[in-house]
Amino acid sequence: VQLQASGGGLVQAGDSLRLSCAASLRRFSSFEMGWFRQAPGKEREFVAVVRVNGTSTYYADSVKGRSTISRDNAKSTMYLQMNSLKPEDTGVYYCAARLGYSGSIFYTNTPEFPYWGQGTQVTVSS
């Protein structure tokens, strides 16, 4: 299982970025996909998750309204469009995967995702 995050960079406050996560998961469409981030000196935190159907999504309050998570099952790729970026969005962004299920709970904790990518750095200057 390999998850490859990309799309990070150095941007100014107010700019936008689109992160991508390419997955080599067998039956990608069966996995829930999530984005997490880790700022220097802080714990890794949840950003957003998308269910297998691609339409059920859940966001951290810190990015809600500014970010959109999506997936393209045909390309085995997940995306995170981030707009109106703030300096506090700075960190390493990781994509993660867990086997999808039919329940209603959105999983947002790192131990609940067994598969992780290597991360892509996002730096937002003020």
Side-chain angles (χ1 to χ4, degrees):
V1 174
Q2 286 188 332
L3 301 176
Q4 183 76 32
S6 62
L10 172 62
V11 298
Q12 293 186 335
D15 285 349
S16 298
L17 273 179
R18 188 194 196 202
L19 306 183
S20 298
C21 175
S24 64
L25 289 167
R26 187 176 179 183
R27 296 182 64 187
F28 173 80
S29 60
S30 297
F31 286 80
E32 293 186 0
M33 301 296 296
W35 286 100
F36 293 76
R37 68 186 181 189
Q38 188 166 18
K42 295 187 176 181
E43 293 187 352
R44 195 171 298 186
E45 65 176 7
F46 166 76
V47 175
V49 64
V50 58
R51 302 291 290 272
V52 297
N53 61 14
T55 57
S56 297
T57 58
Y58 183 72
Y59 299 88
D61 288 342
S62 57
V63 303
K64 193 179 299 181
R66 300 187 294 119
S67 299
T68 302
I69 188 171
S70 61
R71 64 190 297 161
D72 185 337
N73 287 341
K75 296 182 178 180
S76 297
T77 302
M78 171 183 63
Y79 306 96
L80 182 68
Q81 176 69 42
M82 299 190 295
N83 303 319
S84 302
L85 283 161
K86 305 175 181 179
E88 50 263 44
D89 293 318
T90 294
V92 178
Y93 282 69
Y94 299 90
C95 55
R98 65 183 307 277
L99 195 62
Y101 83 123
S102 59
S104 60
I105 297 174
F106 285 100
Y107 288 96
T108 62
N109 297 308
T110 55
E112 294 162 340
F113 287 77
Y115 307 111
W116 290 84
Q118 86 295 351
T120 184
Q121 175 71 45
V122 172
T123 303
V124 184
S125 63
S126 58

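Worth knowing before you read on, the calculation uses all heavy atoms, side chains too, and leaves out hydrogens, waters and symmetry mates. In this text the structure is predicted, and so the values were computed from the model without any measurement.
- Remark: Y58 pairs with F46, F106 by the ring-ring contact (aromatic ring centres under 6.0 Å, His included) rule, at least two apart or across chains.
- T123 places no side-chain N or O within donor-acceptor distance of the main-chain N or O of T90, the cut-off being under 3.5 Å.
- Scanning all heavy atoms of the two residues, the minimum distance from D72 to F28 falls at O-CE2, 4.0 Å.
- Partners of E45 under the salt bridge (charged side-chain N to carboxylate O under 4.0 Å, His left out) rule, at least two apart in sequence or in another chain, are R37.
- In the hydrophobic clustering of ILVMFWY residues, with side-chain heavy atoms under 4.5 Å counting as a link, M82 and V50 come out together.
- Note on Y115: it clusters hydrophobically with I69, by side-chain heavy-atom contacts below 4.5 Å among ILVMFWY residues.
- The minimum heavy-atom distance linking R66 with K86 is given by the pair NE-CE, 3.8 Å.
- Once rounded to the nearest 0.5 Å, the distance linking SG of C21 with CG of L80 reads 10.5 Å.
- Not one N or O on the side chain of R51 forms a donor-acceptor pair closer than 3.5 Å with the backbone of S102.
- Grouping the Ile, Leu, Val, Met, Phe, Trp and Tyr side chains by contacts below 4.5 angstrom, directly or via other members, places V52 apart from F113.
- Screening residues 59-96 for ring pair (Phe, Tyr, Trp, His ring centres under 6.0 Å) gives no qualifying pairs among residues at least two apart or on separate chains.
- Scored by the salt bridge (charged side-chain N to carboxylate O under 4.0 Å, His left out) test, K42 finds no partners at all (sequence neighbours excluded).
- Every residue two or more places apart in sequence or in another chain that forms a side-chain contact (heavy atoms from CB on, under 4.5 Å) with T110 is listed here: F36, R44, W116.
- The cluster map of Ile, Leu, Val, Met, Phe, Trp and Tyr, joined by side-chain heavy atoms under 4.5 Å apart, puts M33 and V49 in different clusters.
- Side-chain contact between V63 and W35 is absent, with no heavy atoms from C-beta onward closer than 4.5 Å.
- When atom types are taken as modelled, the side chain of N53 and the backbone of T55 share a donor-acceptor pair closer than 3.5 angstrom.
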Indicate every side-chain donor-acceptor pair of residues 1-20 with a distance under 3.5 Å to a residue at least two apart or in another chain.
residue, atom, partner, partner atom, Å
D15, OD2, Q12, N, 3.0
S16, OG, N83, OD1, 3.0

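- Minimum heavy-atom separation, G54 to R71: CA-CD, 3.8 Å.
- The pair K64-D61 meets the salt-bridge criterion, with a side-chain N (NZ, NE, NH1 or NH2) lying under 4.0 Å from an Asp/Glu carboxylate O.
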